[in-house]
Amino acid sequence: MAEAEITQGAIEAIFCDRERAAVQFPVPVLQCLHIKFLENKNPGVPGPERYRIVLSDIRNYVQCMLATQANRVVHDGLLQKGSIVRVKQYQAQSVKGKSILIILDLDVMTHLGTPDKIGDPKLMEAAPSEQQQNTTIGGAGFYGGAKSEPAAVHETKPQVQRQVASRTGGGGGSGGHAASTIYPIEAISPYANKWTIKVRVTSKSDIRTWHKTHSEGKLFSVNLLDESGEIRATAFNQEVDQFYDLLQEGSVYYISTPCKVQLAKKQFSNLANDYELMLESGTVIERADDQSSVPQVRFNFCTIQELQGVEKDATVDVIGVLKEVNELEQITSKTTQKPYDKRELTLVDDTGYSVRVTIWGKTAREFDASPESVIACKGTRVSDFGGRSLSLLSSGTMAIDPDIPEAHKLKGWYEAQGRNNTFATHSNLSSVGAATGRKDDAKWIAQIKNENLGVDKTDYFTVKGTIVHMRQENFAYPACPSESCNKKVTDMGDGTWRCEKCNITHDRPQYRYIMSVCISDHTGNVWISCFDEQARLIMGKTADEMMELREQDQAAFEAAFDAANCRKMSFRCRAKMETFAEQPRVRISVWNAAPLDYKSEAHRLAELIKEMSV
DNA sequence: CCCCCCCC
């Protein structure tokens, strides 16, 4: 009989007296009254699958979130409305006057069936102290109040006492964090003010420095994983010195407050967590003796076909069979001039689609998986190049033939039929774009403004237009002639030009273009900025030559501008928010410019027509 | 307090 199994009163105890709850109800048995799948709040950005459930102990019911690792009870069809469950691990939270239980582990007592709602349970109100806090005006009392801290995770599994080396005493010791106080990453929020997590460092960045007008410093960040979720942690300046060597990629640590928890900025976050950690000098980090109990990696795959609906610049995990491996190549970054090693992979999956994945640096150099291996990539950035393509971020990871169900399934599919399939690419679809909402990045000029390119993030696009005007004032600046310096030099007034960066004076500068060009198409006009390489291509002369003309032959100087005017070209552009005179505005820089190739343009149009008429 | 993740 189900009713007899249910631990009546457990819910109130969990929220009002957790010590009593632990003793009296070590494993609460509750009835599931409701299961709701939560829609992804960010369409186009894959997030973890989420379920909200309502659990009752006959006297009370409470809203619960299923931690993602507990989703299996839904997937397996075990958890249904009416089911009786044993809650093996949970986290009680009281947030904004509401009681919420995060369910980290549960069993469905299937032998008890799915009876109708038992009794007439009442909503579990927030604990009295919570209600009181929430009547205070403003957030300070809420954030600062010790009572608003959620109860520690309740683990019903037997725990082995762990040996902890004392960081200060240097010797060994026992104790430290009782295992029962370990929080799941998923329960961390600004509302929790005292916690310890047990996490694996799944990736660690290099130390980076920044120099801006108002600040400079250094930082590094790590991605942390436990069975409940992931979170990024960043250390700045002195905390870099304190923690960089201690935190090793792949190792497991206890990390304890004090530690700042703040909202992760969505546009930069590549992990499925609303929050991120900022390590403080007081943050306690200890390597765990037990390195094996925390998972190694956590994937949230989307299929290759689904990439079509994923927005550009989202971060996703993919898994596929390795169809092609290219040779190692080198490229030079256009922004930093730094060289990068890269390698292109082509992955296919059982949706019938293929996608190109670029891997970088060491991962690219040391890549030696054989074709037809299964490759799982965690943390790839979605680009719209070629319809859809992927680039493995430096914070991402790659696993070859991982021992996970998705990999075995793909292997089986590939052996049975996939090997002989042909695969669709996203570029086939996207080129039809003009009529159907194009996915490629060719834009009319009006679209640049209408689509707010560059406003929220940096956008790249190609625009074809006719040059209608070139600004003659300040078309060039005197640059340092040193190899790849290009910084503006100062006229010292004695015939020499000084470069502050190189700390050298030169006899003459090398002029470089920074030319504003107005281009036009049938939808409008826009000003774009051309730098030296592109402007040289447009003008057919170097900036030095133009400076000389200006000095010696004003008519010839103007004629050179006239000659370049009215050319029709294709411009590869970057639109980015920049600040001029404290006014933010979108600046469009030309990355590449090329005269229109009428033959290939005509060919492209013919292909488009052909695809539309299929 | 960063927020770059590169190239076609």
Side-chain angles (χ1 to χ4, degrees), chain A residues 203-223 232-241 243-244 259-260 262-271 273 275-281 312-316 326-346 355-365 377-398 425-427 430 440-442 456-458 460-462 533 570-574 576-578 589 591-594 600:
Chain A
S203 106
K204 173 172 126 172
S205 76
D206 293 332
I207 295 172
R208 283 216 334 254
T209 56
W210 78 91
H211 308 273
K212 292 191 159 189
T213 40
H214 298 295
S215 75
E216 61 174 17
K218 60 181 174 179
L219 73 133
F220 80 101
S221 57
V222 285
N223 287 351
R232 185 168 82 147
T234 303
F236 289 94
N237 303 322
Q238 72 170 68
E239 285 79 63
V240 172
D241 302 330
F243 296 123
Y244 190 79
C259 182
K260 198 183 288 176
Q262 65 177 31
L263 268 179
K265 288 178 197 148
K266 277 288 167 222
Q267 70 269 36
F268 302 131
S269 133
N270 63 17
L271 292 182
N273 199 317
Y275 303 111
E276 58 185 31
L277 304 179
M278 313 273 271
L279 303 181
E280 299 174 33
S281 60
K312 178 167 127 59
D313 295 328
T315 306
V316 298
N326 287 12
E327 294 298 310
L328 189 69
E329 299 171 65
Q330 273 83 31
I331 58 108
T332 305
S333 162
K334 292 219 169 183
T335 36
T336 62
Q337 309 302 322
K338 280 190 203 147
Y340 290 92
D341 288 330
K342 69 155 188 174
R343 191 189 293 272
E344 309 284 5
L345 312 178
T346 304
V355 71
R356 202 195 68 179
V357 182
T358 308
I359 57 175
W360 301 92
K362 189 164 174 247
T363 314
R365 286 191 296 276
C377 293
K378 174 177 176 52
T380 64
R381 174 69 39 95
V382 178
S383 129
D384 56 6
F385 186 79
R388 280 290 178 276
S389 53
L390 301 171
S391 172
L392 185 65
L393 298 170
S394 62
S395 58
T397 52
M398 195 181 66
T425 67
H426 293 293
S427 64
S430 59
D440 68 30
D441 60 6
D456 300 320
K457 57 184 171 15
T458 305
Y460 291 83
F461 60 92
T462 303
E533 197 182 332
S570 175
F571 301 92
R572 178 87 189 143
C573 299
R574 185 188 73 176
K576 191 173 194 274
M577 214 60 185
E578 290 182 11
S589 308
W591 234 233
N592 258 315
S600 72

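Residue numbers start from 1 in every chain, and the chains themselves are labelled A, B, ... in the order their sequence lines are given, proteins ahead of strands. The structure presented is a predicted model; accordingly, all values stated were derived computationally and were not measured.
- Every side-chain contact (heavy atoms from CB on, under 4.5 Å) that A:Ser395 has, sequence neighbours left out, goes to A:Ser203, A:Asn223, A:Asn270, A:Leu393.
- Note that the first and last nucleotides of DNA chain B, 5' to 3', having any atom under 4.0 angstrom from a heavy atom of chain A are B:dC1 to B:dC8.
- Nucleic acid contact class of A:Arg232 (heavy atoms, under 4.0 Å, all strands): base.
- At a threshold of 4.0 angstrom between heavy atoms, the contacts of A:Glu276 include nucleobase atoms, whether or not backbone atoms are also involved.
- Residue-level contact check: A:Lys218 touches neither bases nor backbone, having no heavy atom under 4.0 Å from any strand.
- In this structure, A:Phe385 has no ring pair (Phe, Tyr, Trp, His ring centres under 6.0 Å) partners at least two apart in sequence or on a different chain.
- Residues A:Lys576 and A:Thr458 share a closest heavy-atom pair of CG-OG1, 3.6 Å.
- Across all strands, A:Arg572 comes closer than 4.0 Å to no nucleic acid atom at all (heavy-atom distances).
- Within the nucleic acid shown, A:Ser215 comes within 4.0 Å of sugar-phosphate atoms alone, with no base atom in reach, counting heavy atoms only.
- Every residue two or more places apart in sequence or in another chain was checked for a ring pair (Phe, Tyr, Trp, His ring centres under 6.0 Å) with A:Phe461, and none qualifies.
- Scored by the ring pair (Phe, Tyr, Trp, His ring centres under 6.0 Å) test, A:Tyr275 finds no partners at all (sequence neighbours excluded).
- Summary of the strand contacts: A:Lys334 and A:Leu393 both lie near DNA chain B, and taking for each the nucleotide with the nearest heavy atom, the more 5' one is attributed to A:Leu393.
- Taking A:Ser394 as the reference, nothing meets the side-chain contact (heavy atoms from CB on, under 4.5 Å) condition, with sequence neighbours excluded.
- Contact annotation for A:Thr358: base contact, defined as any heavy-atom pair under 4.0 Å involving a base atom.
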